[in-house]
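Notes for the one structure printed next.
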Number of protein chains: 2
Amino acid sequence: MRMIVKQLEYMYIQRSFSFVRRSLSITTTTTTQFISTTKTTNSNYSYYSSKSKETDMSQQAFSRAGLEDLMKRRFFITPAFEIYGGVAGLYDYGPPGCAIKANLINLWRQHFVINEDMLEVDCTSLTPEVVLKTSGHVAKFADFMVKDEITKQCYRADHLLEQHIDKLLEDKKITAERKEELTHVRAKAGDYGQSQLTEALKKYGVKCPDTGNAITEPYPFNLMFQTQIGPSGQLVGFMRPETAQGIFVNFKRLLDYNANKLPFAAAQIGNSFRNEIAPRSGLLRVREFTMAEIEHFVNPHDKSHPKFEEVANIKANLLTSEAQDGDKKVVEMTFGDAVKQGTINNQTLAYFMCRTQLFLHTIGIKPERMRFRQHQQNEMAHYASDCWDAEIHTSYGWIECVGHADRSCYDLTVHSDASRIPLVAFEEFKDGPKTIEVVDVKINKSKMGSTFKKDAKAPMDYLEGLATKMEEALKLRDELDAAGSATIVVNDQGYNITKEMVSFTQATKKLTGQSFAPHVIEPSFGLGRIIYSLLEHSYSVRPATEEDKAEDANKKLDRAVLSLPAIIAPVKTSVLPLTQSEALAPFVQQITRLLKEQGISSKVDESGVAIGRRYARTDEIGIPFAITIDFTTVEDQTVTLRERDTMIQVRVPLQQVATTIKQLSENTLQWTQVANTFPAHKF
Amino acid sequence: MRMIVKQLEYMYIQRSFSFVRRSLSITTTTTTQFISTTKTTNSNYSYYSSKSKETDMSQQAFSRAGLEDLMKRRFFITPAFEIYGGVAGLYDYGPPGCAIKANLINLWRQHFVINEDMLEVDCTSLTPEVVLKTSGHVAKFADFMVKDEITKQCYRADHLLEQHIDKLLEDKKITAERKEELTHVRAKAGDYGQSQLTEALKKYGVKCPDTGNAITEPYPFNLMFQTQIGPSGQLVGFMRPETAQGIFVNFKRLLDYNANKLPFAAAQIGNSFRNEIAPRSGLLRVREFTMAEIEHFVNPHDKSHPKFEEVANIKANLLTSEAQDGDKKVVEMTFGDAVKQGTINNQTLAYFMCRTQLFLHTIGIKPERMRFRQHQQNEMAHYASDCWDAEIHTSYGWIECVGHADRSCYDLTVHSDASRIPLVAFEEFKDGPKTIEVVDVKINKSKMGSTFKKDAKAPMDYLEGLATKMEEALKLRDELDAAGSATIVVNDQGYNITKEMVSFTQATKKLTGQSFAPHVIEPSFGLGRIIYSLLEHSYSVRPATEEDKAEDANKKLDRAVLSLPAIIAPVKTSVLPLTQSEALAPFVQQITRLLKEQGISSKVDESGVAIGRRYARTDEIGIPFAITIDFTTVEDQTVTLRERDTMIQVRVPLQQVATTIKQLSENTLQWTQVANTFPAHKF
């Protein structure tokens, strides 16, 4: 295949999908949590002390090149627009990747939306500027960029600094002091602001790594894709950089849908878009990606969770903020203890962390390769009270896959202010209605109008505003009573108010409750990262068996296996007639029909290839079961059912095989039960 | 709620969702099929002659205002960014709308991808310019726009012309001749090109309808949202206007995934974006929408379908191209006959039309309000051989919801040419390998290089190209043999070629088969339009029963019902304790747990409202079943299970109710069976 590199932006597609192998760094955006990765490949975080040896061994065995070859060869994923040379940061999912993603989304919907009674919404990606100005994205959703002075090629400033320091650190003669300084700068580069980056790039004499040319000073580059909505060219819009804003702007309708009751959670699954300066690391940093976000709205004074007791005894691996500054150790503790000890801020945050953990375990993420890392103070936005990232360990290091943030009332408040529509909830007082004192302000508008003419609005607004400022109102009343007039100052302008213009009456008012801006706790999933991590955790290579060798003596016999749980596997079963005999063909048709009736995806392989090779083909794309039709089938209407990981084969009546696989694929039946129920296949 | 209209582009949100009520017109794009609607509200198409009376009656009863009120009140859908005044053509789905959409997508995947063994892909929406230049969208995906000369407000030219003519037609004194002329222009306006529109707008003196100002001449406005990919600003990108291109550019990988065999179908579900000039009619013409597209690749010489016999006897309502020019009558015939008589071009096209029809019937579209309309010659792109739109009848008239087009080899060919990567399939000759004569061209490159210097490439390419042009090659050889030299002309430039520069040898070559560009048959679904049509078909108002009146004598008693099939319904069951007694509460918990274990979405209503009102609340959002817990439940562990449309109530053991609803919701059990199996509830 010939590649045509059209423009600088086009990425050169290497046949081996060679991901850049260095560590990733934390993004520097401050307004929203960003699905990002932490720079731990070169770090000394002991991510799971008790099992580190075992994990190291499994790490040694993992071949990223092998997985990448498989992903490419079997079309899990491919660079988008590959025939035109590709575009950096854009990937397409082929049939197995797409099916895994669809299964993941369905399970997510089951696990969160249905099980937790969430209100799912589906909002547009096109977003008018006003919304993203309000959220802070227009001003602050940026990375720092430098350009090659000559070629004008763009680079991320922090990446260049990190790469440069990595090179400096290779020098074996550097002093311990210098090494410590460099290591420190390397670790902090991702968090640097514009001036710190400018200084550091100068200090270490960083040049363009590709040309050796000088680079520009770093400047912020907004990561949103901009466009225009409508034909007039006057309404600036952006492709949303996260799905959350669609939930916030719909808060009032959601609250109404929930019969005005708190707490409730809204959820959204959809695509987001970030115009990364220099995307790399394959699926881990892309320009268009699917997120699943939850916004759980609570009363700020009560962040308990009614189902917390159900999860309190479940253990988690926690890397606290303190530990990151200190011994770097992950501690294992229950969610109950973590909340009790104040490690995790509140029950609701902890409840969602646990639900995330259960979800990740269910899809096949290895428990010992998952942890929660708490944000350090300087990583969090000023309004956030606690943030924990679910991180998954991969060959790239620890990858942030799910953020969990207590964002306080920030989002609803900024949108209330900007839209002038109060995004608040109302709560009745628990101990019955309260009587409060208020001031009734009566303004003589004609008098004020004739006195102040076109300037009357400002003092009138001021006087009306005194209705909620009892003390000030009474002071002014006393002054008017005493002197007949008084001067008020509004916007640096004095107005002489007379007794005739306004009267204040004290009254009582019965309140049944009060309005408040709910706080929001936000779990935010990056599905592409989870899928990539899952593929790494599921991938292994099985040495050839004696049987394989007998069948296929001349071929490369190491066989890749993707041990994906049946509920996530792209195709649930293969259907394999043992030979191309015409006697077996009708059974293939009958079985595929039964499977389709049950909604089970299947893949028929009627090629004349040896059965062991055909098993290997289905193992490597993660198909968990294989139905083999042989000559015994013709006699007794049974088939062989083989499981991918145990390679156990049992004999199942043809009429039961589809329903059995359906139950296995829905997690309502376990393979061990099947293996114990049906007789073993006799070879 | 206060609305702030920020800019012209912002749509004013009316509380009643008042959709513009006039008919929609066909879009004028020529490069791709466009989910569009036909202008039949004012036309005389007899859309279903045999049942027209019955349908007319049901039409009379339908209240669009009632449905719109329901959609708004129960948050099926809402204008996006409503708190900021909204943006025309952008809508968000609230919880019930979102759930209906998710169920529709899952069923579509089941019905098409799994049942038809399609290869589903998930490609990016961001698309580099080169792809859409190649597909023709950059040049031709446009509508004609005019602006108010003074206010600069934008309008669609054809819409203004239509509106203007509608007004002229209101004049009761116009002559029959004039009326005929106007009616003709009205009908064709949507198909007019730039010059025809310019002429017609001038001829009829069309002004801006809002201001009476003069308007500009019409000019094409491209409907794609443009952006820039990457930080350099040099790579123009667009949000895709359809999902199909992602499939075409991945053709080679898909063919490889399918073991290089044809035919096969690829499918994609995802969002597309069209910057409509003046969106209107709510969900029917929006700027961001979800499509589900299939590209079925076939050998151009064999468009038979292996499963056609399964559908040949199914009947369809067909409005042929001829009928549209003639008697406007829809004919009912089987797909088998339609192919046999040449009405539908081929089996594969007819097979997909039938699968579409089955899908639409399954989700709840009324068979008598669905038809297939064939494209007329002037609607089709030059390369298309036959197109049929599945149209659904709504209060807006007939709406195009699913296009079915035989697009020949157009898409693969243009991408092959532009990318220089051959997007072809290879087929072995059925009657064994063939031996063909070829010419072996040997070029003396150093001789040509020294003769023509930097101009040598063009004549060398030309001579190499003669390998496949036997006749020309032999003619040149004879000339060289005779004269020792000859002149060839390449790009208007003559080159004098000598005998030393090139030699031609005749040889034979054994071919096992041949490469060809597959044809593609494309069913393309607009999900938003289908959802809106489905809501119209499902909506009815039930007069109050005596029981309702007894319960709730003072309330408005007409009750809206959405008769959505269980498989599509947003929530499958409500859970209703008869009273707020503490004795019933544990059963609510037990039942919701059982339902969640089965993955069944449910909605608990524990309010103290009368049970009839609570049934009405769930009926109007289409919840098909209701589980009522009463004091008999405490005694015998049974509950009442009520069905929404029949209102039949049976008594089901508590432990069986979740599995029963699961089967009902998956279409594997019918309500009549349930009603016959369990005893009726005794009031």
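Lettering follows sequence order; numbering is per chain, from 1. Heavy atoms only: backbone and side chains are in, while hydrogens, waters and symmetry mates are out.
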(message) Testing the basics here: between B/Leu90 and A/Leu126, what is the closest heavy-atom pair and its distance to 0.1 Å?
(response) CD1-O, 3.8 Å
(request) Sort out for me which of A/Asn250, A/Thr134, A/Val604 touches chain B most, counting heavy-atom pairs under 4.5 Å. (result) A/Asn250
(request) Without swapping roles, check the side chain of A/Asn275 against the backbone of B/Gly230 for a donor-acceptor pair under 3.5 Å. (result) yes
(message) Can you tell me which portion of A/Asn222 sits under 4.5 Å from chain B's heavy atoms? Options are side chain, backbone, both or neither.
(response) neither
(message) If I measure from the heavy atoms of chain A, does B/Phe225 come under 4.5 Å with its side chain, its backbone, both, or neither?
(response) both
(request) Answer with side chain, backbone, both or neither: which region of A/Glu666 has an atom nearer than 4.5 Å to a non-hydrogen atom of chain B? (result) side chain
(request) State, with a plain yes or no, whether a side-chain heavy atom of B/Cys98 is found less than 4.5 Å away from one of A/Glu120. (result) yes
(request) Under 4.5 Å, counting heavy-atom pairs only, tell me which of B/Asn271, B/Leu254, B/Leu423, B/Val113 racks up the most with chain A. (result) B/Leu254
(message) Given heavy-atom pairs under 4.5 angstrom as the criterion, report whether the side chain, backbone, both or neither of B/Phe273 touches chain A.
(response) side chain
(request) Under 4.5 Å heavy-atom distance to chain B, tell me which part of A/Arg73 shows up: side chain, backbone, both or neither. (result) backbone
(message) Under the criterion side chain to side chain contact (heavy atoms under 4.5 Å, CB included), I'd like the reasoning laid out for B/Ile83 against A/Lys252: C-alpha separation, chi angles, the key distance, then a yes or no.
(response) CA-CA 9 Å; B/Ile83 63 169; A/Lys252 269 199 92 70; 5.7 Å; no
(message) Between B/Arg253 and A/Glu82, does any side-chain N to carboxylate O distance fall below 4.0 Å?
(response) yes
(request) Please determine, among B/Asp117, B/Val286, B/Asp122, B/Thr592, the option with the most heavy-atom pairs under 4.5 Å with chain A. (result) B/Asp122
(request) Could you tell me the separation between the CD atom of A/Gln110 and the CD atom of B/Gln598, rounded to the nearest 0.5 Å? (result) 10.0 Å
(message) Within 45 degrees of the ring normal and closer than 6.0 Å to the centroid, is that where the cationic atom of A/Lys603 sits relative to B/Tyr257?
(response) yes
(request) Would you mind checking which part of B/Pro422 comes under 4.5 Å of any heavy atom in chain A, side chain (CB onward), backbone (N, CA, C, O), both or neither? (result) neither
(message) Could you report the tightest heavy-atom contact between A/Tyr84 and B/Ala418, atom names first, then the distance?
(response) OH-CB, 3.5 Å
(message) Looking at chain B, which one of A/Thr290, A/Val121, A/Leu119 has the largest number of heavy-atom pairs inside 4.5 Å, strictly under?
(response) A/Val121
(message) If I measure from the heavy atoms of chain A, does B/Met239 come under 4.5 Å with its side chain, its backbone, both, or neither?
(response) side chain
(request) Report the distance from atom OG1 of B/Thr668 to atom CD of A/Glu597, rounding to the nearest 0.5 Å. (result) 11.0 Å
(message) Give me the atom names and distance for the closest heavy-atom approach of A/Gly599 to B/Ile114.
(response) O-CD1, 3.8 Å
(message) A quick test of your reading: do over 12 heavy atoms of other residues, nucleotides or ligands sit less than 6.0 Å from NZ of B/Lys596?
(response) yes
(request) Heavy-atom distances under 4.5 Å only: say whether A/Ile600 touches chain B with side chain, backbone, both or neither. (result) backbone
(request) Under 4.5 Å heavy-atom distance to chain A, tell me which part of B/Gln228 shows up: side chain, backbone, both or neither. (result) backbone
(request) For the residue pair B/Ser125 and A/Glu288, confirm or rule out a side-chain donor-acceptor distance under 3.5 Å. (result) yes
(message) If we ignore hydrogens and angles and just use 3.5 Å, is the side chain of A/Asp92 paired with the main-chain N or O of B/Thr124 as donor and acceptor?
(response) yes
(request) Measure from the side-chain N and O atoms of A/Thr227 to the backbone N and O of B/Gln226, and report whether any donor-acceptor pair falls under 3.5 Å. (result) yes
(message) Taking side chain as everything from C-beta outward and backbone as N, CA, C, O, which of these in A/Ile247 sits under 4.5 Å from a heavy atom of chain B? Side chain, backbone, both or neither.
(response) neither
(request) Find the one option among B/Ile105, B/Thr127, B/Asp256, B/Ile269 whose heavy-atom pairs under 4.5 Å with chain A are most numerous. (result) B/Thr127
(request) Find out whether A/Val130 and B/Phe81 are in side-chain contact, i.e. whether some heavy atom of one side chain is under 4.5 Å from a heavy atom of the other. (result) no
(message) Is A/His415 in contact with chain B via its backbone, its side chain, both, or neither, using a 4.5 Å heavy-atom distance?
(response) both
